[in-house]
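Everything below concerns the one structure shown next.
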Amino acid sequence: MKQLKEIARNKKKQMYLLLLLSVLTGAAVIAQAYYIVAIVDLIFLQGAPFQSIVSLMGVLAAVLAARAAFSYLNGRTGIKLASEVKADFRQSLLSKYRRNPVQASLKGQSGKKVSVLLDSVDEIDSYFSQYYPQMIQTSVVPLMILGAVFYYNWVSGLIMLITAPFIPLFFIIFGSAAQKKSEEQLEKLAAFSGKFLDILQGLSTLKLFGRARAQREAIRNSSLEYRDATMTVLKTAFLSSLMLEFISMLSIALIALEVGLRLVLYDQLTFFTAFFVLILAPEFYNSLKELGTAFHTGRGSTGAAAKVIEELEEKEQPVKWGNKQIEKRGAPPEIQLRNVGFSYGEGAFALKQVTGTIKPLTETAVVGRSGSGKSTLLHLLSGIAAPGEGDIVVNGETLSEYEEKSWFNELSYISQNPYLFSGTIAENIAVGVNETVTREEIERAADKAGISEMVAGLEKGYDTTVGEGGRGLSGGEKQRVALARAFLKKPSVILFDEPTAGLDLRTEQILQRSMKELAETSTVITVAHRLHTIRRADQILFLDNGLLAGRGTHDELMESVPEYRNMVAVQQGGDTG
Amino acid sequence: MKDLKIVMKLLMKERKDVFLSILFGFLAGAGAVALFANSGYLISQAAIASTLVVLTLSIALMKIFSVTRAVSRYGERYFSHRATFTKLSSLRVYFFERLEPLAPRVFNRYRSGDILARIVGDVESLQNFFLRVYYPPIVMVIVFLATITFTLFFSVYIALILAAGLFITGFLVPLLFALKQRKIQSELREMRGSLSAEAAEFFYGFRDLKLYQKLDEQEQQLGSVSNAYISEQEKNSLQALFSQSVNQMIALIISWFVLGAGAYLIAGGELDGIFLAMLVMISLTVFDTSTPMAAFPVHLEDSRRAASRLFSVVEEGESSGAEPGGGTTKHNLQEAPAVEMNNVSFSFPGEERKALKDINLHLPAGSKTAIVGPSGSGKSTLLQLLFKMYPEYEGEVRLNGRLVENLEDESIWAGINPVLQSNHFFYGTVKENLLLAKDDLSDEAMNDVLGKVKLSFSLDKQILEKGENLSGGEKQRLAIARAMLKGAKLWLLDEPTSSVDVLTERLIFDHLFEQGKDDTLVLISHRLTGLENMDKIIVMEQGRIIESGSYEDLMSRKGYFYEMKQIEKSVFA
Ligand SMILES: Nc1ncnc2c1ncn2[C@@H]1O[C@H](COP(=O)(O)OP(=O)(O)OP(=O)(O)O)[C@@H](O)[C@H]1O
Ligand SMILES: Nc1ncnc2c1ncn2[C@@H]1O[C@H](COP(=O)(O)OP(=O)(O)OP(=O)(O)O)[C@@H](O)[C@H]1O
Ligand SMILES: [Mg+2]
Ligand SMILES: [Mg+2]
């Protein structure tokens, strides 16, 4: 993404429009002064009758109207430009976030990202709606005024020419710190958002641990910090305006003195010229001053843009995909793991050297102690994370050769902690598939997941909204809604991460039946802690701290892996042997 | 409007700053008028070649006015912004204080991203309420009154024109735009809220969206919400710009009238020509304070909406009349409590169906109870009532014989070691998350407990948002560790080990029962093995307790529990 200045420069059409409007505004400002002065001069000094100024009054009215219209058009161009640029920035951010691999998406706080997406992008607005149009206007209008003043009275023109550069000098000195400060301000706001959203999610937890009150303090501090950061930004802006005000006031006073003296003492000027200069001088300095103010807001925007650009330029290692299609052979694909390894980073947990074959239509169970890497293995199989070593081979080709879409179409992955979206139950189930489905199909899937009875008891049935902002569900109900997604899709490969954890035996049995039915047309890979659910699996992979410690059927593992034997024994209520 | 009243009340806390803003605002406005009036007068005096004294005096005055104006403008801005931003931050705290008692039920009505938008964006937009709605009209009126009074000395007609100008630009035009504004209800704040809510969900549900190939769709959806939001912003800005330009034009036309009328009066000999330039300059300047009033309705409407969005979330808490913080009696934390529920029925807010029906339960101090039952039978709900998370139910809940209504919320919570069905971890280190349990825990104590739950984390390990870098079982174990560190006498555990392997589970339970041997403990579980040692097992179904008793009791009764045990046997066989 380009810097704001460049973006503005590339919008040629708007630039020329703004230039044209500035020239017209300049002309109107000068004409306004000219006619007012002419009228006052006629009436006051020359004692002309009222009729003589009627036509002048008419022209003046037209000039005034034109000036207001130009200023409207100028503002409008800026506002439209700002909208365009904001939309572009937000779109780029969105597509950057979309492209992020899952691992990267977990980093950072969601509230912060929301803040960048909303607040920082909004902050860019003023660069285009205020600073840029003002900048163009100020590079034209004061020059025209200067020309007019020089034409009538070169001494005043000279004073203007000498004093004017002090204004940009000052606002640049003051404004140079503004960008950093407003970056800090936005950073504080993002930090506040990140923290607040996290606190919101964990509010019950905080209450139960008696920390809610302490959080008030945290919120108070955090928002006071933001206030202070804001005030720092504003204070420099105000101080800079004060300085600009002083400079321009002094200069105006100087000019007034000059024209006054030359008018009275030396009779070198006419009243007309003097008054004309006196009306134009404030316009001249105002334009420069306004640029000063706009410069400050513009700096704020530049800071915001820097933050957005920084976010955009964050490099992430994406999961690689190719463009091969999964062949439809009438049966699910064969999956092979060849020395698959994966690490969450240096010194972090790593999965090592996992090898095995998952034949079509078989049931594979992944077992191991908590934290041994079962879910990690499913992440790799599903393709949301890519192995660091070795290959996952599907129908003889490495997984990364296939098109992402083609693989995901074959697959359902019900993760350990599935997310319920804010929407109806029907929508939440239908998320599992890409094509549109009928209500009957959804109901059938829900039935298989053992949730239909519960839904039937709801006033709005499948149209009940759940997820955030909707009706709460029990833990097991949430899980079953997510499971229904797989029953709806009927994919050829299914990954279940502890599908029945937290369900009672009877509900579990219903699900087991449905899962068995699914297994007739799909390859099923299940992570399970409840070992009875996987006894009949064709093969069991036993993971121990990231290593494949055993592979085989239940009976084989009972023989060869002591820890497996222990687990089964404990589960049945016996003692560890 | 009543929401804005709350904002106003908060504002009055910054009374001094408000007063100073108005004072300096007046000085700045009047200073500018005086300055330009003076320069117009000066030049006219100079033209008729009057004495040097008048000239010098004018020039001296001019300097005074310019300094007054510049300094006052600074003061006005400084004080008004300080008041505003202080108010905004207290508004955020005010909002959070009222939101907090409403958790968790408020999340059944609002999405967290939306609440975020309210506390960030809506509060932020309320700055316009003070900066553009609240005090500028006061300043405007005072400046105008002063100016009009001044012009009365020269010409009644000119004063009348200015008064008319004030009326039109300060009241009539804003009123007209306000009427127009009312017709086109601006959805700006709602749009921002929904953009924020959707974005938050995009990040939270990222993995599932990816797997279901919904990311593109969601991106497009977000893009179109964003575009709608931007075009609404644009509409509002254009509206404000338009009304301001109209007002500016009217102001210029008023000056035109002043010029015309002045010229007419001078030609008729009713006014001294020397004042014409001055009056024109006054008129050109004084409207600077009134032209921004055209945008008043836009800001007022926006503030009104922001305030009502903000307070509608927490209103429920105000109206229910429930004292925040609950009763006043402190709960005794020193000994294990007895827990009692008498004829308790409960339905979730807004639900017809009862989630709990006629619950009677009596758990003596130091007893160990298991609750089992099908998914959705109300087990977690029962715990929620013991946590006093839902204050409205029928029947009685007692701790140590005292009604929980009368107990202070905080002291109830302080007396519980909780493990929820789904536990929250905060972005931060393991240590920070464990320190929630209690202040001044030594590293040693924390490491010790981590060892008990078989976690080999270092205390400085970074935990990502919602514990996303922990495995399912690790999250549960960390939650148990946190509860163990708290050291209260009542354990309320909601399926604490459903994702933990049985070997680890057994080790953890050994430690847990060791630590809690004298405490009252309630455990929700789906695993029926190991329940033999519990004092009591409660079986729930469809919101009722259908069986309860010791393990032997239930087995000999051959009811629901017995049947489940048979199923278990058959699957294990
Ligand atoms: N995103 C991540 N970043 C860093 N480490 C992670 C991440 N996700 C998981 N881990 C670590 O990897 C290890 C294996 O995690 P995994 O989720 O695969 O375990 P698991 O076998 O599924 O355990 P459980 O049965 O408890 O769910 C754990 O120690 C965990 O802390
Ligand atoms: N916030 C809520 N609003 C409305 N209904 C709810 C809410 N939370 C839970 N319910 C409903 O109340 C009933 C009891 O839920 P509860 O969470 O107590 O079940 P549970 O016995 O803990 O089940 P599980 O074993 O699945 O966790 C369920 O039917 C559930 O749908
Ligand atoms: Mg796992
Ligand atoms: Mg539950």
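Lettering of chains follows the sequences in order, A, B, ..., and the numbering in each one begins at 1.
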>> Under a 3.5 Å threshold, yes or no: a donor from one side chain and an acceptor from the other, between A/R227 and B/T86?
In response: yes
> Donor-acceptor pair, B/H424 side chain versus A/T205 backbone, under 3.5 Å?
Replying inline: no
> What part of B/L470 gets closer than 4.5 Å to chain A, counting heavy atoms only: side chain, backbone, both or neither?
Replying inline: neither
> Is any side-chain heavy atom of B/L88 closer than 4.5 Å to a side-chain heavy atom of A/Y226?
Replying inline: no
> Salt-bridged, B/E100 to A/K207, with N to O below 4.0 Å?
Replying inline: no
> Non-hydrogen atoms of chain B under 4.5 Å away: do they reach the side chain of A/N409, the backbone, both or neither?
Replying inline: both
>> Nearest 0.5 Å, please: how far is CG in B/L222 from OG in A/S95?
In response: 11.5 Å
>> I'd like to know if the side chain of B/Q233 pairs up with that of A/D125 as donor and acceptor (distance under 3.5 Å, no hydrogens or angles considered).
In response: no
> Does any heavy atom of chain A fall under 4.5 Å from the side chain of B/R111, the backbone, both, or neither of them?
Replying inline: both
>> How close do B/S89 and A/S223 get, counting heavy atoms only, and between which atoms?
In response: CB-OG, 3.4 Å
> Does B/D208 reach the main-chain N or O of A/P418 with its side chain, forming a donor-acceptor pair under 3.5 Å?
Replying inline: no
>> Less than 6.0 angstrom from the centroid, inside 45 degrees of the normal: does B/K486 satisfy that with respect to the ring of A/F209?
In response: yes
> Charged N to carboxylate O below 4.0 Å: is that the case for A/E245 and B/R69?
Replying inline: yes
> Does A/R530 have any side-chain hydrogen bond (donor to acceptor under 3.5 Å, both in side chains) partners at least two apart in sequence or in another chain, and if so, which?
Replying inline: A/E508
> So, B/D501 side chain and A/H529 main chain: donor-acceptor pair closer than 3.5 Å or not?
Replying inline: no
>> Counting heavy-atom pairs closer than 4.5 Å to chain A, which one of B/F36, B/Y78, B/F348 comes out on top?
In response: B/Y78
> In terms of heavy-atom pairs under 4.5 Å with chain A, which of B/S90, B/G473, B/S498, B/S245 leads?
Replying inline: B/S245
>> With a 3.5 Å distance limit and no angle check, can you tell me whether A/R98 reaches the backbone of B/L215 through a side-chain donor-acceptor pair?
In response: no
> Just checking, is any N or O donor in the side chain of B/E474 or A/S370 under 3.5 Å from an acceptor N or O on the other one?
Replying inline: no
> Can the ring centres of A/Y72 and B/F242 be said to be less than 6.0 Å apart?
Replying inline: yes
>> With a 4.5 angstrom heavy-atom cut-off, is it the side chain or the backbone of B/K379 that approaches chain A, or both, or neither?
In response: neither
> Are the side chain of B/E465 and the backbone of A/Q109 linked by a donor-acceptor contact shorter than 3.5 Å?
Replying inline: no
> Can you find a pair of side-chain heavy atoms, one from A/R480 and one from B/S375, that are under 4.5 Å apart?
Replying inline: yes
> Does the side-chain contact (heavy atoms from CB on, under 4.5 Å) test come out yes or no for B/F96 and A/I199, once each step is laid out?
Replying inline: CA-CA 10 Å; B/F96 180 71; A/I199 286 179; 3.8 Å; yes
> Which of the residues B/R477, B/Q248, B/Q218 is involved in the greatest number of heavy-atom pairs with chain A at under 4.5 angstrom?
Replying inline: B/R477
> Considering only heavy atoms from C-beta outward, does the side chain of A/R471 approach that of B/R109 to under 4.5 Å?
Replying inline: no
> Any idea which heavy atoms bring B/A437 and A/R211 closest together, and the distance?
Replying inline: C-NH2, 4.1 Å
> Tell me, side chain or backbone of B/M249 under 4.5 Å from chain A's heavy atoms, or both, or neither?
Replying inline: both
> What residue, out of B/S226, B/S380, B/S231, has the most heavy-atom pairs lying under 4.5 Å from chain A?
Replying inline: B/S226
> Looking at CZ of B/R77 and CG of A/L234, how far apart are the two atoms once the value is rounded to the nearest 0.5 Å?
Replying inline: 10.0 Å
>> Side chains of B/S237 and A/R76 only: does a donor on one sit below 3.5 Å from an acceptor on the other?
In response: no
> Does atom NZ of B/K63 have more than 12 heavy-atom neighbours, drawn from other residues, nucleotides or ligands, at distances under 6.0 Å?
Replying inline: no
>> Quick check against the 3.5 Å criterion: does B/K214 have a side-chain atom that pairs as donor or acceptor with the backbone of A/V433?
In response: yes
> Who pairs with A/F408 by ring pair (Phe, Tyr, Trp, His ring centres under 6.0 Å), at least two apart in sequence or on another chain?
Replying inline: A/W321
